[in-house]
J.: 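Take this structure, written in structure tokens, and hold onto it; I'll ask about it next.
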Amino acid sequence: MYYLQALGASLREALQHQFGGDAGPVSWEVAPASVQVTGRHGDLTCHYAFHAAKLFHTNPRELAHVLRAAIPPSLGVSTEVAGPGFLNFSLEAASAKAILSDVFQNPAGYGHWQQKQARQVNMEFCSANPTGPIHLGNARGACFGSVTANLLEACGHKVSREYYFDDFGTQVDTFALSLLARYREAQGQESVFPEGGYQGEYVREIGQRAAQEHFEWAGLPFQDLLVELRRFGLQEMARAHRQTMDGLGIHFDTWFSQSSLERDGFLHRAQVLLEDAGFLYPRDGALWFRSTAFGDDKDRVVIRSNGEPTYFAWDIAYNLHKRERGFDWIIDVWGPDHHGYVMRNKAAFQALGYDADDLTLLIYQLVRWFEQGEEVKMSKRTGEFLTLDEVTEAIGRDAVLFFLLNRSPDSTLDFNLDLARQQSLSNPVFYVQYAYTRAFSVEREAIQRGLAIGEIDLETCQAYGPAEHRLLAKIALAPEEIATAASNLLPHRLSGFAKELAGDFHSFYHDHRILGVDASLQQARLNLVSAFRITLGNILTLLGLSAPETM
RNA sequence: GCUCCCAUAGCUCAACUGGAUAGAGCGACAGACUUCGGAUCUGUAGGUUGCGGGUUCGAUUCCUGCUGGGAGCGCCA
């Protein structure tokens with residue numbers, strides 16, 4: 001149990017003792033600067049008394065005093081009640097020791113949590129259309145999904161990362177036809193480029209490669225050639241997507257092919273299940289799903305009058321497939337153009353007999369691309385778009401990730417490549433990473449001087465003053481921040497915390513020497529620096545960023 | 001017309017289940033180490049949180065009506 005968890009538990013239990021009810025876990029924050037500036041000291045604060053007072057219909061300030069009295073001295077904090085009911089905590093040697101022990105006991109796992117009810121999570125994200133390269137819009141979903149998966153894992157869940165590959169349908173047909181034209185072109189044959197085909201350069205390249213590696217296909221009948229090229233093209237695109245994701249350090253456990261849903265009978269099975277449950281009916285030659293039974297504003301077609309399943313039908317089958325693979329929590333990360341599909345998918349999920357809460361559909365907002373002050377509309381058809389590889393190459397992997405991570409998924413994101421390139425060196429990611437590097441170099445120097453790190457005793461902890469306590473409080477907060485970001489499915493919370501944590505360290509480092517001061521103070525500060533470095537390193541890892549030892 | 005998202009400093013964005021004087025970075029201005037890495041630190045300027053109501057001890061946060069921007073509203077994927 002982490003230190004703050006223990007402290008929170010003492011408050012929670014005090015309430016149970018007093019009122020016989022549970023007000024839930026305590027949430028913490030560092031004391032606002034105003035509290036510290038005015039001399040009303042405090043390293044950590046909580047507004048639990050307000051929260052609980054509302055629940056138990058009592059006065060928050062009186063309640064705060066009750067809570068204060070209930071904190072066991074062994075926890076080693078001094079507590080005071082401020083204003084209408086804030087509880088401010090100041091760290092002391094014993095609490096400092098407890099926090100450091102949390103870190104050094106299991107450095108690589110600091111900030112992570114055990115989970116009594118671990119869920120089997122299937123997290124599907126990015127899933128860019130295979131008819132084109134991954135662009136910045138897909139990247140947002142990739143980054144968001146990947147870090148969210150990391151966070152859930154850190155909270156003890158089992159997470160499988162999945163990439164859905166749409167290798168079926170009219171778009172892929174058009175892609176194959178475009179490829180065919182490029183293939184023939186590369187062989188010096190006459191070719192007519194299909195109307196509405198994919199004009200991007202990458203199609204030409206794949207066509208050329210196909211022509212070089214498989215000139216023998218030229219003799220095939222049209223349909224057979226198209227099948228070969230289609231397969232070849234999809235393979236190439238899958239490889240390209242995987243490479244792009246690898247370049248960002250984002251990995252998937254499963255690359256799931258849409259067409260396998262039909263091959264393995266899931267498309268059919270989903271239909272039978274819904275049919276048996278009485279949620280399907282024919283109208284106008286098509287087959288409809290009664291999504292209005294679950295609050296949707298109209299029913300939705302699953303099988304078109306031409307006999308082809310709709311995109312929605314594939315989704316239903318896919319969710320069924322995921323459930324039958326044993327996942328009890330399905331999370332999909334979708335772009336803004338899918339928001340209309342949330343309701344109907346939840347409806348179908350329930351119609352299959354599952355709990356709507358076990359399907360989470362996360363929608364992130366659009367990325368708009370600006371160049372010289374003007375918005376550039378992306379289009380795969382015309383081949384005009386900014387690929388993720390281009391952006392990564394221009395400003396660097398960590399900078400791209402941090403740029404995407406820093407923003408709430410609910411806000412549209414404007415991306416100006418000129419500006420990003422220009423400012424890539426001032427990207428806050430380097431500020432954060434530099435803090436890690438600095439701390440690491442202090443440790444390296446300390447080891448060279450023959451000092452030991454991480455041996456925690458109460459006496460050494462007596463050496464800490466207000467500056468150290470402030471940084472320690474931030475370190476103690478890390479597990480809470482990770483849990484909060486995870487439970488809200490909002491990774492950008494954690495990147496914000498990483499900046500704060502790094503900032504506190506930079507500030508401390510500037511004002512205080514670590515090596516070469518009085519021996520016990522030196523030991524105490526060295527432990528602090530190391531605990532900081534471990535904490536920040538774990539956070540960087542969760543964010544999918546590198547933690548460089550030198551820069 | 002309906003649904004979803006957004007509007008906070010000059011710019012890009014934060015602000016946990018409603019909490020203390022709304023915070024960072026970039027840009028501007030003024031400063032700071034002969035020691036462990038200056039990709040750093042400190043300070044100043046910059047705000048009627050789009051506008052109007054409401055809920056209460058307390059609202060950037062919740063409700064409501066506007067204004068402006070984005071996305072979606074297909075038997076496309």
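We use all heavy atoms of the structure for the numbers below, so side chains are in, but hydrogens, waters and symmetry mates are not. Every chain is numbered from 1 and lettered A, B, ... according to where its sequence line falls, protein lines coming before strand lines.
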J.: In whole angstroms, how far is the C1' atom of rG25(B) from the CZ atom of Phe497(A)?
T.: 18 Å
J.: With a non-hydrogen cut-off below 4.0 angstrom, is Thr170(A) in contact with a base, only sugar-phosphate, or nothing?
T.: sugar-phosphate
J.: Under the side-chain hydrogen bond (donor to acceptor under 3.5 Å, both in side chains) test, which residues partner Arg493(A), sequence neighbours left out?
T.: none
J.: As a test of understanding, state which of Phe349(A), Tyr164(A), Phe312(A) forms a ring pair (Phe, Tyr, Trp, His ring centres under 6.0 Å) with Tyr318(A).
T.: Tyr164(A)
J.: Would you kindly compare Glu308(A) and Gly340(A) by the position of their nearest RNA chain B nucleotide and give the one closer to the 5′ end?
T.: Gly340(A)
J.: Determine the interatomic distance between C1' on rG23(B) and the same-named atom on rU49(B); round to the nearest Å.
T.: 12 Å
J.: Given the rule in the side-chain hydrogen bond (donor to acceptor under 3.5 Å, both in side chains) test, do Asp518(A) and Ser520(A) qualify, once you have shown the distances and angles that lead to the verdict?
T.: CA-CA 6 Å; Asp518(A) 163 79; Ser520(A) 65; 3.0 Å; yes
J.: So what does Phe168(A) touch, heavy atoms closer than 4.0 Å: a base, only the sugar-phosphate, or nothing?
T.: sugar-phosphate
J.: Roughly, in whole Å, what's the span from CE in Met343(A) to P in rU3(B)?
T.: 11 Å
J.: Is there a donor N/O on one and an acceptor N/O on the other, under 3.5 Å, for the side chain of Thr310(A) and the base of rA77(B)?
T.: no
J.: Whole-Å distance between rG72(B) P and Asp297(A) CG?
T.: 17 Å
J.: What contact category does Ser408(A) fall into here, base, sugar-phosphate, or nothing, at under 4.0 angstrom with non-hydrogen atoms?
T.: sugar-phosphate
J.: So what's rU8(B) paired with, Watson-Crick or G-U wobble, going by both distances under 3.5 Å?
T.: none
J.: Check every strand shown and say whether Pro130(A) touches a base, only sugar-phosphate, or nothing at a heavy-atom separation below 4.0 Å.
T.: nothing
J.: At less than 4.0 Å, is any side-chain N or O atom of Arg304(A) found next to OP1 or OP2 of rA77(B)? Yes or no.
T.: yes
J.: Between the base of rA20(B) and the ring of Phe86(A) - centre-to-centre under 5.5 Å, planes within under 30° - is that a stack?
T.: yes
J.: If pairing requires Watson-Crick or G-U wobble contacts with both distances under 3.5 Å, which nucleotide is the partner of rA20(B)?
T.: none
J.: Please name the nucleotide paired to rU35(B) by Watson-Crick or G-U wobble geometry with both distances under 3.5 Å, or report none.
T.: none
J.: For His51(A) and Asn129(A), take the nucleotide of RNA chain B holding the closest heavy atom to each; which residue's nucleotide lies nearer the 5' end?
T.: His51(A)
J.: Can you tell me which residue among Phe165(A), Trp314(A), Phe168(A) is in a side-chain contact (heavy atoms from CB on, under 4.5 Å) with Ser259(A)?
T.: Phe168(A)
J.: Given the structure, check if the side chain of Asp167(A) and the base of rA77(B) hold any donor-acceptor pair shorter than 3.5 Å.
T.: no
J.: Given that both distances must come in under 3.5 Å, which nucleotide forms a Watson-Crick or G-U wobble pair with rG72(B)?
T.: rC2(B)
J.: Please state whether the phosphate of rC41(B), meaning OP1 or OP2, lies under 4.0 angstrom from any side-chain nitrogen or oxygen of Tyr431(A).
T.: yes
J.: Have a look at Ser441(A) and say if it touches a base, only the backbone sugar-phosphate, or nothing, with a 4.0 Å heavy-atom cut-off.
T.: base
J.: Roughly how many Å apart are rC73(B) and rC11(B), using the C1' atom of each and rounding to a whole number?
T.: 34 Å
J.: Does Arg407(A) reach a base, just sugar-phosphate, or nothing at all? Heavy atoms under 4.0 Å.
T.: sugar-phosphate
J.: Let me know the distance between CD1 of Ile395(A) and C1' of rC26(B), rounded to the nearest Å.
T.: 14 Å
J.: Could you check how far CG of Asn488(A) sits from P of rG18(B), rounded to whole Å?
T.: 12 Å
J.: Quote, to the nearest angstrom, the P distance that separates rU12(B) from rG70(B).
T.: 15 Å
J.: Considering only side-chain heavy atoms of His506(A), which listed nucleotide, rC41(B), rA14(B), rC36(B), is closest?
T.: rC41(B)
J.: Looking only at side-chain N and O atoms, does Arg438(A) come under 4.0 Å of OP1 or OP2 in rG38(B)?
T.: yes
J.: Can you confirm whether the side chains of Asp398(A) and Ser546(A) place a donor and an acceptor under 3.5 Å from each other?
T.: yes
J.: Just how far, in rounded Å, is P of rC41(B) from NE2 of His510(A)?
T.: 8 Å
J.: Quote, to the nearest angstrom, the P distance that separates rU21(B) from rG53(B).
T.: 23 Å
J.: For rU17(B), take OP1 and OP2 only and decide whether either is under 4.0 Å from a side-chain N or O of Thr484(A).
T.: no
J.: Determine the Euclidean distance between corresponding P atoms of rC41(B) and rC5(B); express it in Å to zero decimal places.
T.: 37 Å
J.: Please determine whether a side-chain nitrogen or oxygen atom of Tyr434(A) lies at a distance below 4.0 Å from atom OP1 or OP2 of rA39(B).
T.: yes
J.: Tell me what Leu366(A) touches on the nucleic acid: a base, only sugar-phosphate, or nothing, going by heavy atoms under 4.0 Å.
T.: sugar-phosphate
J.: Under a 3.5 Å cut-off for both distances, is rA45(B) Watson-Crick or wobble paired, and to whom?
T.: none
J.: Does rC4(B) have its OP1 or OP2 closer than 4.0 Å to a side-chain nitrogen or oxygen of His338(A)?
T.: no
J.: I'd like to know if Asp332(A) pairs up with Lys322(A) as an ion pair, taking the criterion as any Lys NZ or Arg NE/NH1/NH2 lying under 4.0 Å from an Asp or Glu carboxylate oxygen.
T.: yes
J.: Using a strict 4.0 Å threshold on nitrogen-to-oxygen distance, state whether Asp173(A) and Arg230(A) make a salt bridge.
T.: yes
J.: Measure from CZ on Arg525(A) to P on rC36(B) and round the result to the nearest Å.
T.: 16 Å
J.: What contact category does His339(A) fall into here, base, sugar-phosphate, or nothing, at under 4.0 angstrom with non-hydrogen atoms?
T.: base
J.: Distance between the C1' atoms of rA22(B) and rU60(B), in whole angstroms?
T.: 7 Å
J.: Arg300(A) near the nucleic acid: base, sugar-phosphate alone, or nothing, with a heavy-atom cut-off under 4.0 Å?
T.: nothing
J.: Nearest whole Å is fine: how far is rG70(B) P from Arg368(A) CZ?
T.: 7 Å
J.: Could you tell me whether Arg368(A) and Asp414(A) make a salt bridge, using a distance below 4.0 angstrom between a side-chain N and a carboxylate O?
T.: yes
